[in-house]
Amino acid sequence: MHHSQINSDIRKLIAEGTVLPAHPLALTAERQLDKKHQRALTRYYIDAGSGGLAVGVHTTQFAIRDVGLYRPVLELAAETAANWTKRPLAMVAGLAGPTPQAIAEARTARDIGYHAGLLSLAAMKSASEDEIITHCSAVAAEIPLVGFYLQPAVGGVILSSRFWQRFASIDNVIAIKIAPFNRYRTLDVLRGVAAAGALDRVALYTGNDDHILLDLMLPFDLRDKGVTTRTYFKGGLLGHWSVWTASAIKQFERCKTARHKDSVPADLLALDARVTDCNSAFFDVANNFHGCIAGCHEVLRRQGLMQGLWCLDPNEGLSPGQKDEIDRVYREHADLSDDAFVADNLSKWLA
């Protein structure tokens with residue numbers, strides 16, 4: 001599947017930038033798929049105004065592949081979305097593993113109806129950049145790709161600007177999720193895409209949960225041989241946006257409005273730090289992100305969108321002190337939550 005085959009409305013949506021929450025996995029106390037709450041989550045993201053969904057990604061738990069849930073979870077999200085709304089939604093499937101596995105997952109996602117694959121490179125830690133490019137090219141032959149620069153703390157691979165230039169030169173790459181949580185490495189990706197002459201074709205999406213709003217509103221000037229190219233992040237594909245999503249979409253729209261202007265309101269700049277403070281609790285920064293998935297689950301549990309915090313790995317859960325941190329940001333940043341929106345619609349989503 002080539003990107004030219006994507007529905008034109010959806011291709012435009014991805015290119016111009018949108019909100020793509022990383023879809024969590026709702027489980028029962030027996031750690032089985034909780035279809036009722038899984039559907040409710042999908043409906044929540046759609047009604048909040050998301051431009052699409054990312055399913056089978058890190059926030060969905062990579063371990064779904066080990067327990068036979070990869071296809072069922074992707075199918076459930078796609079079917080729920082199709083039955084809930086007729087507006088265009090960009091459906092992105094997480095792809096992982098060595099080349100044969102990633103190709104098989106790409107074919108599965110494509111057959112279900114997903115438009116692109118977010119390609120994790122965590123399985124390629126021991127590979128050279130040449131080998132990784134060969135891997136990416138092989139997967140791109142199956143489905144349009146969204147690159148994924150994942151931070152090393154949760155399995156990412158450190159890659160050079162030259163790598164990202166070569167990656168962006170792959171014809172079927174349509175976007176890159178830039179999530180190294182590192183400003184230097186973020187700039188490496190931007191410089192690489194610019195060097196490939198691909199800024200018009202490859203949409204830049206932030207995954208930097210520590211600088212969400214700044215990524216979305218500020219210009220980036222890239223210099224090459226005395227020539228300046230100004231570019232912007234177009235949208236976000238974020239685990240952080242799996243919670244308080246209705247509020248996140250309002251923030252995204254404010255950031256879009258602030259782009260291309262001579263000045264940015266100080267209150268909007270300051271909001272970046274408040275969102276980052278919330279993320280520090282949800283993503284368990286104090287414990288090197290150990291409880292990042294469970295932290296998001298805790299927010300969704302409080303809202304009634306999940307029954308509990310359970311992860312497929314029994315060893316994954318909240319870290320000591322993380323619940324207290326979530327309590328703190330709930331108190332200090334209550335206006336950033338979307339609890340009222342969820343409360344008004346929860347019974348409908350769970351029906």
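Side chains are part of it too, since the values below use all heavy atoms of this structure and drop only hydrogens, waters and symmetry mates.
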Nearest non-hydrogen partners of [X] and [Y], listed with the distance:
X	Y	answer
A106	V139	CB-CG1, 4.1 Å
F181	G207	CE1-O, 3.3 Å
N182	N208	N-OD1, 4.2 Å
L312	A63	CD1-C, 3.7 Å
A109	I143	CB-CD1, 4.2 Å
A127	I132	CB-CG1, 3.9 Å

Any chance you could measure [X], atom [atom1], to [Y], atom [atom2], to the nearest 0.5 Å?
X	Y	atom1	atom2	result
I176	L204	CD1	CG	6.5 Å
L350	L305	CG	CG	7.0 Å
Q5	N172	CD	CG	8.5 Å
T229	R191	OG1	CZ	13.0 Å
I46	W84	CD1	CH2	8.5 Å
T231	L199	OG1	CG	4.5 Å

Taking the side chain from [X] and the backbone from [Y], do they hold a donor-acceptor pair closer than 3.5 Å?
X	Y	value
N83	E79	yes
Q61	P24	no
S247	S337	yes
T42	A81	no
R259	L216	yes

Do [X] and [Y] have side-chain heavy atoms sitting under 4.5 Å apart?
X	Y	answer
M217	L268	yes
I174	I6	yes
T28	L33	no
I170	L145	no
V299	M306	no
P144	H2	no
T206	I178	no
H297	L318	no

Is it the case that one hydrophobic cluster holds both [X] and [Y], taking links as side-chain heavy atoms less than 4.5 Å apart, direct or via other members?
X	Y	answer
V285	L150	yes
Y232	V19	no
V146	M91	yes
F62	Y149	no
L89	L13	no

Could you give me the CA-CA distance, side-chain angles and deciding distance for R110 and E142, then say whether salt bridge (charged side-chain N to carboxylate O under 4.0 Å, His left out) is met? CA-CA 8 Å; R110 183 190 65 204; E142 303 294 336; 2.8 Å; yes
More than 12 heavy atoms of other residues, nucleotides or ligands under 6.0 Å from NZ of K348: is that the case?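 More than 12 heavy atoms, drawn from other residues, nucleotides or ligands, come within 6.0 Å of this atom.
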Neighbour count above 12 (heavy atom, 6.0 Å) for D200 CG: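 No, CG of D200 has 12 or fewer neighbouring heavy atoms, counting only those of other groups under 6.0 Å.
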Hey, is [X] close enough to [Y] for a salt bridge, meaning N to O under 4.0 Å?
X	Y	answer
R274	D267	no
K250	D338	no
D9	R87	no
R71	D111	no
R331	D327	no

State which residues pass ring-ring contact (aromatic ring centres under 6.0 Å, His included) with F148; sequence neighbours excluded, sorted by chain then number.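 In terms of ring-ring contact (aromatic ring centres under 6.0 Å, His included), with neighbours along the sequence ignored, F148 is linked to no residue.
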Excluding sequence neighbours, so at least two apart, what forms ring-ring contact (aromatic ring centres under 6.0 Å, His included) with Y45?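 Here the qualifying residues are H23.
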Hey, which of I293, V329, D209 is the one that makes side chain to side chain contact (heavy atoms under 4.5 Å, CB included) with F282?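 Of all the options given, the one that passes is V329.
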Examine the side chains of [X] and [Y] and answer whether a donor and an acceptor come within less than 3.5 Å of each other.
X	Y	value
D284	S319	yes
N7	H115	no
Q303	D339	yes
D34	Q307	yes
S161	D188	no

Please name the residue in the list F252, Y205, F220 that meets the ring-ring contact (aromatic ring centres under 6.0 Å, His included) test with F233.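 Running ring-ring contact (aromatic ring centres under 6.0 Å, His included) over F252, Y205, F220 with F233 returns exactly one hit, F220.
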Could you tell me how the ring of W164 sits relative to the ring of F167: parallel (under 30°), tilted (30 to 60°) or perpendicular (over 60°)?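 Geometry flag for F167 against W164: perpendicular rings.
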D215 vs K234, salt bridge (charged side-chain N to carboxylate O under 4.0 Å, His left out): CA-CA, chis, key distance, verdict: CA-CA 9 Å; D215 272 358; K234 296 297 181 66; over 6 Å; no
As a quick check of understanding, evaluate side chain to side chain contact (heavy atoms under 4.5 Å, CB included) for Q251 and L336, giving each step before the final call. CA-CA 9 Å; Q251 294 163 14; L336 301 185; 4.0 Å; yes
Would you check, one step at a time, whether the test side chain to side chain contact (heavy atoms under 4.5 Å, CB included) holds for W310 with E30? CA-CA 9 Å; W310 308 292; E30 295 73 34; over 6 Å; no
Ring centroid separation for W349 and F341, is it under 6.0 angstrom?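 Ring centres of F341 and W349 closer than 6.0 Å.
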Stepwise side chain to side chain contact (heavy atoms under 4.5 Å, CB included) test for L309 and E316: CA-CA 9 Å; L309 310 186; E316 283 195 50; over 6 Å; no
For Y330, does the six-membered ring have the charged nitrogen or CZ of R302 within the cation-pi criterion, i.e. under 6.0 angstrom from the centroid and within 45° of the normal?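 Satisfied, under 6.0 Å and within 45°.
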Does Y44 form a side chain to side chain contact (heavy atoms under 4.5 Å, CB included) with L300? I'd like the steps, not just the answer. CA-CA 11 Å; Y44 160 52; L300 297 168; 4.3 Å; yes
Could you list all the side chain to side chain donor-acceptor pair (under 3.5 Å) pairs where at least one residue sits in residues 116-134, not counting sequence neighbours?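 Counting only pairs at least two positions apart or across chains, the side chain to side chain donor-acceptor pair (under 3.5 Å) contacts touching residues 116-134 are S128-E131, E129-S160, D130-R166.
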